Undergrad: 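Next up is a structure, given as structure tokens.
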Protein chains: 2
Amino acid sequence: MAGLKDKALRERAAQVIPSGLWGHMNVAGFSPDYPQFFERAEGCTLWDVDGARYIDFMCSWGPMVLGHRHPKVEAAADRQRAAGDAMNGPAAALVELAELLVQTIPAADWALFQKNGSDATTSCVTIARAHTGRRKVLAARGSYHGAVPWCTPSLVGVTAEDRAHVILFDYDDIESLEAAAKAAEGDLAAIILTAFKHDYGIDQFLPSAAFLARARAICDEADAALICDDVRAGFRLDLRGSWAPLGVAPDLSAFSKAIANGYPLAAVVGNNRFRAAASYGKTFFTGSFWYGAVSMAAAVATIETLRDDKVIAHTAAMGQRLRDGLAALAAANGLGLRQTGPAQMPMVLFDDDPKTARGVAFCNAALEAGAYFHPRHNMFLSGAHTPADIDRALEAAEVGIKAAAQVATRQLASA
Amino acid sequence: MAGLKDKALRERAAQVIPSGLWGHMNVAGFSPDYPQFFERAEGCTLWDVDGARYIDFMCSWGPMVLGHRHPKVEAAADRQRAAGDAMNGPAAALVELAELLVQTIPAADWALFQKNGSDATTSCVTIARAHTGRRKVLAARGSYHGAVPWCTPSLVGVTAEDRAHVILFDYDDIESLEAAAKAAEGDLAAIILTAFKHDYGIDQFLPSAAFLARARAICDEADAALICDDVRAGFRLDLRGSWAPLGVAPDLSAFSKAIANGYPLAAVVGNNRFRAAASYGKTFFTGSFWYGAVSMAAAVATIETLRDDKVIAHTAAMGQRLRDGLAALAAANGLGLRQTGPAQMPMVLFDDDPKTARGVAFCNAALEAGAYFHPRHNMFLSGAHTPADIDRALEAAEVGIKAAAQVATRQLASA
């Protein structure tokens, strides 16, 4: 439950910010009883402004892949910050980071850097159009690629023309993809796909190898770009890029969230077929802070730590420990639970819960007991989660599961 | 002249970054002999990776309004960073910053925060369309509002539809604006204008009061939005917003660059007429790092310092000192110099220099002598520039002016 200081800040915010807060972090969108404002963060622990403490499973909705205030990342950021951040050009950290990405990601021959995930997805589309001289972009129905006009989930304030050349298909449905490709025939610039199907409020799933292979083949036939939107999953599923274990190489990939453990950074990486189209003098991408050296130094430290400390395997193990514990709790309390997606990016949905009433009851009660879960969005594990953290979180989850079991049938339909 | 370390970094960069660097900081776009990579920054001094030291007049192309590593800003950032930056929601610094902007900017009843200037300009357009339910946006020919599809200066990789609803007019030309408004009749959402005319490579000028008043009246008549793109000029001309001295209040304003003295941040501020359209549930704006507390704490410290230390008056005085000195040097060497724009954001162009050969010769020679100027873009003064810095820079400028005077007539046409 949000406390008095949180309430006071919300009242002040409502005066000077439309509806108190914009975008995905407005708790009105998922659980208004959650605290809106935070005071402190360390490892996988968050403190809200009223001093309540939570074991966190959102990782700032993705960025904190190593946990808050990771010593190696902070030391790298401190060193760069003492020298300079935003200067009249980049620092050597730019080259070090680009080299590290090209070494780490087999599909990457080059990289360029930005600030938002939507900067990266939008630039991928622009590079694809520049390379092909064509316009159509195939995108999966419901997939989130950013909150800018060509892809925002809200159509208010955007025009029909903003998405005139976007053709929708169903994720992982070969027939649907082929129909979209046929509709784009002669004008196909790109197919863009999230690394896996991680839409809000639905069971998550990886694309099938056959579907990805068909997407790859369609792009090869048309000399179009296969774009992997790895903004959310990147550096969490596989350091080589999320599709590396599936054996499919995207032409262009968009990264952001976890790339610098919370420092603002995004990246486009691509192969040499698309290098000329991404070059200065051909296309133009820029931003006031896109050359800042601190976030680049932080990214180098983050990626090296992920690699050297085998953090992805650790987060998968911690996610599995959470998953196993939640499954046991649900079974013991007679509830059906669907746990989908990669274990380190878990989605937890209750059966027979069309309006997420059980999910919200679970989360609210678990929050009171000290664990920060999300009722409708995939969650995130970090390198800072220990087995003891998971076990403590499962104690809070037990309180949540019992609360969910008490949600009456009539509430399920009317929530 | 760029040194050996710079050359080595460029060679490495060319392997792993298309054309070695994207966007406005690629020195190929203005003076390839300039250093591309920087090692260190302090106050108004920059050191390139080869150890050469410059008195800087670009301020990272805008952000460094107080100079690098300003103690009050760094202390505020340190305090916030020790607590937390990217968390599961904002920190109290969000509310403090929004309140400070609303107190400081008379036209602002509310604020929301982002990362790029183009995030802010694009959101202004979306909010205007959401409020009006209309589509047309009037923008001035040649004005820069960002490098995203609806406004990027490069048309490669964007589609005709991306700018289907943008109608161009000539800045500060009432007749041209009225013709554009007539073309949009019944479908007018917004007029967007940079705070002053600060396009690349041209003499700069402020809008006339009559022109701004006409733009204001057209928007009032149509219940459309007058948008001030104050991304570049904001917090440099007037803390109340750049049009406050001209007596015209925009409905929506976009800020970025100088708002947090180099920390990545952008803001949209607006009046209550547009509050509902900017609210959660109506329009949707978001980004992974848009709630980060460090840049907000840095912005509070930056704006308080600008206000308490009367930094804008200081930068104007330092800009005037530079301007007077350059004028004297040009006159003494028989060169015509056009110095336009506000003194704290000076544009320096040579007469009879259609290909900027004199400008580049001036800059390259001044750079060798220790001052970093730009041949075609407006420059920036900061609170860190002292009279002694300006006087030392003028010694370097004298070397530059003499080099510019030696550019032969045949070079002027063929550069």
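What's counted below: heavy atoms across the whole structure, side chains too, no hydrogens, waters or symmetry copies. Just so it is clear, the model here is predicted, and its values are computed rather than measured.
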Undergrad: Picking from B:W61, B:F113, B:W47, which has the most non-hydrogen pairs under 4.5 angstrom with chain A?
TA: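 Answer, by heavy-atom pair count under 4.5 Å with chain A: B:F113.
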
Undergrad: Who wins among A:L265, A:N272, A:V49 for the most heavy-atom pairs under 4.5 Å with chain B?
TA: A:L265

Undergrad: Check step by step if side-chain contact (heavy atoms from CB on, under 4.5 Å) holds for B:D162 and A:R129.
TA: CA-CA 13 Å; B:D162 287 322; A:R129 285 178 171 151; 4.2 Å; yes

Undergrad: So for A:P35, is it side chain, backbone, both, or neither that comes closer than 4.5 Å to the heavy atoms of chain B?
TA: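 Contact with chain B is absent: no heavy atom of A:P35 under 4.5 Å.
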
Undergrad: State whether the side chain of A:N88 and the backbone N or O of B:S60 hold a donor-acceptor pair below 3.5 Å, judged by distance alone.
TA: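 Present.
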
Undergrad: Considering only heavy atoms, which portion of A:M58 lies under 4.5 Å from any heavy atom of chain B: side chain, backbone, both, or neither?
TA: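 A:M58 touches chain B through backbone and side-chain heavy atoms alike.
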
Undergrad: Below 4.5 Å from any heavy atom of chain B, which atoms of A:F274 appear? Answer side chain, backbone, both or neither.
TA: neither

Undergrad: Could you go step by step and tell me if B:E161 and A:R163 meet the side-chain contact (heavy atoms from CB on, under 4.5 Å) rule?
TA: CA-CA 8 Å; B:E161 286 77 5; A:R163 40 191 80 204; over 6 Å; no

Undergrad: I need the residue from A:A83, A:A130, A:A41 with the largest number of non-hydrogen atom pairs under 4.5 Å to chain B.
TA: A:A83

Undergrad: What part of A:R275 gets within 4.5 angstrom of chain B, counting heavy atoms only: side chain, backbone, both, or neither?
TA: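 A:R275 touches chain B through backbone and side-chain heavy atoms alike.
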
Undergrad: For chain A, which candidate among B:V148, B:T159, B:T152 shows the most heavy-atom pairs at distances under 4.5 Å?
TA: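 The residue among B:V148, B:T159, B:T152 with the greatest pair count is B:T159.
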
Undergrad: Against chain B, work out which of A:A266, A:A293, A:A189, A:A82 has the most heavy-atom pairs shorter than 4.5 Å and name it.
TA: A:A82

Undergrad: Kindly write out the residues that satisfy side chain to side chain donor-acceptor pair (under 3.5 Å) with A:R273, not counting sequence neighbours, or none if the list is empty.
TA: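 A:R273 satisfies side chain to side chain donor-acceptor pair (under 3.5 Å) with A:D223, A:D251 once adjacent residues are dropped.
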
Undergrad: Do you know which of B:E42, B:R69, B:H131, B:E39 has the most heavy-atom pairs with chain A at a distance under 4.5 angstrom?
TA: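 Among B:E42, B:R69, B:H131, B:E39, the one with the most close pairs to chain A is B:R69.
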
Undergrad: Counting only non-hydrogen atoms closer than 4.5 Å, can you tell me which residues of residues 11-19 of chain A sit against chain B?
TA: A:R12, A:A13, A:A14, A:Q15, A:V16, A:I17, A:P18, A:S19

Undergrad: Can you tell me which residue pairs pass the salt bridge (charged side-chain N to carboxylate O under 4.0 Å, His left out) test with a partner in residues 114-128 of chain B, sequence neighbours excluded?
TA: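 Qualifying pairs: none.
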
Undergrad: If every non-hydrogen atom of B:G262 is compared with every non-hydrogen atom of A:D85, which pair is closest and at what distance?
TA: O-OD2, 4.3 Å

Undergrad: Against chain B, label A:D48 side chain, backbone, both or neither, depending on which of its atoms sit under 4.5 Å from a heavy atom there.
TA: neither

Undergrad: State, without any angle test, whether B:W290 and A:N116 hold a side-chain donor-acceptor pair at a distance under 3.5 Å.
TA: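 On atom types as modelled, these side chains qualify, holding a pair under 3.5 Å.
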
Undergrad: Under the side-chain contact (heavy atoms from CB on, under 4.5 Å) criterion, do A:W22 and B:Q114 qualify, and how do the steps go?
TA: CA-CA 10 Å; A:W22 64 92; B:Q114 312 177 310; 5.8 Å; no

Undergrad: Would you call B:P90 and A:F37 a side-chain contact if the rule is heavy atoms closer than 4.5 Å?
TA: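 Side-chain contact under 4.5 Å: yes.
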
Undergrad: Any side chain to side chain donor-acceptor pair (under 3.5 Å) pairs touching residues 254-267 of chain B, not counting sequence neighbours?
TA: A:R81-B:Y263, A:S288-B:K257, B:E74-B:Y263

Undergrad: Relative to chain A, which of B:G84, B:A93, B:S154 shows the most heavy atom pairs under 4.5 Å?
TA: B:S154

Undergrad: Nearest 0.5 Å, what's the OG-CZ distance between B:S118 and A:F285?
TA: 12.0 Å

Undergrad: Which answer fits A:F57, side chain, backbone, both or neither, if we ask what part of it has an atom under 4.5 Å from a heavy atom of chain B?
TA: neither

Undergrad: Please state whether the side chain, the backbone, both or neither of A:L112 comes within less than 4.5 Å of a heavy atom of chain B.
TA: both

Undergrad: Considering all heavy atoms of both residues, which atom of A:G29 and which atom of B:Y280 are nearest to each other, and what is their separation?
TA: CA-OH, 3.1 Å

Undergrad: If you count heavy-atom pairs under 4.5 Å between each of A:G281, A:A91, A:A277 and chain B, which one has the most?
TA: A:A91

Undergrad: Tell me the closest heavy-atom pair linking A:T286 and B:A147, and the distance in Å.
TA: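 For A:T286 versus B:A147, the nearest heavy atoms are N-CB, 3.9 Å.
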
Undergrad: Measuring heavy-atom distances to chain B, does A:N26 have an atom under 4.5 Å in its side chain, in its backbone, in both, or in neither?
TA: both

Undergrad: Heavy-atom cut-off 4.5 Å, strictly under: side chain, backbone, both or neither for A:F289 against chain B?
TA: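 For A:F289, side-chain heavy atoms alone lie under 4.5 Å from chain B.
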
Undergrad: In terms of heavy-atom proximity below 4.5 Å to chain B, should A:Q36 be classed as side chain, backbone, both, or neither?
TA: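 Backbone plus side chain of A:Q36, per the 4.5 Å heavy-atom cut-off to chain B.
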
Undergrad: With chain B as the partner, which of A:A86, A:P153, A:S295 has the greatest number of non-hydrogen pairs under 4.5 Å?
TA: A:A86

Undergrad: Is the distance from the ring center of A:H24 to that of B:F284 below 6.0 Å?
TA: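 For A:H24 and B:F284, the ring centres are not under 6.0 Å apart.
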
Undergrad: If you count heavy-atom pairs under 4.5 Å between each of B:V95, B:L9, B:T122, B:T132 and chain A, which one has the most?
TA: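 When all of B:V95, B:L9, B:T122, B:T132 are compared, B:V95 has the most.
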
Undergrad: Which atoms of A:A164 come close to chain B, meaning under 4.5 Å heavy atom to heavy atom: side chain ones, backbone ones, both, or neither?
TA: side chain

Undergrad: Do A:R40 and B:M87 touch side chain to side chain, with heavy atoms closer than 4.5 Å?
TA: no

Undergrad: At a heavy-atom distance under 4.5 Å, which candidate from B:L94, B:I127, B:L155 has the highest pair count against chain A?
TA: B:L94

Undergrad: With respect to chain B, which residue among A:F38, A:W110, A:Y291 yields the maximal number of heavy-atom pairs within a distance under 4.5 Å?
TA: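 Most heavy-atom pairs under 4.5 Å with chain B: A:Y291.
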
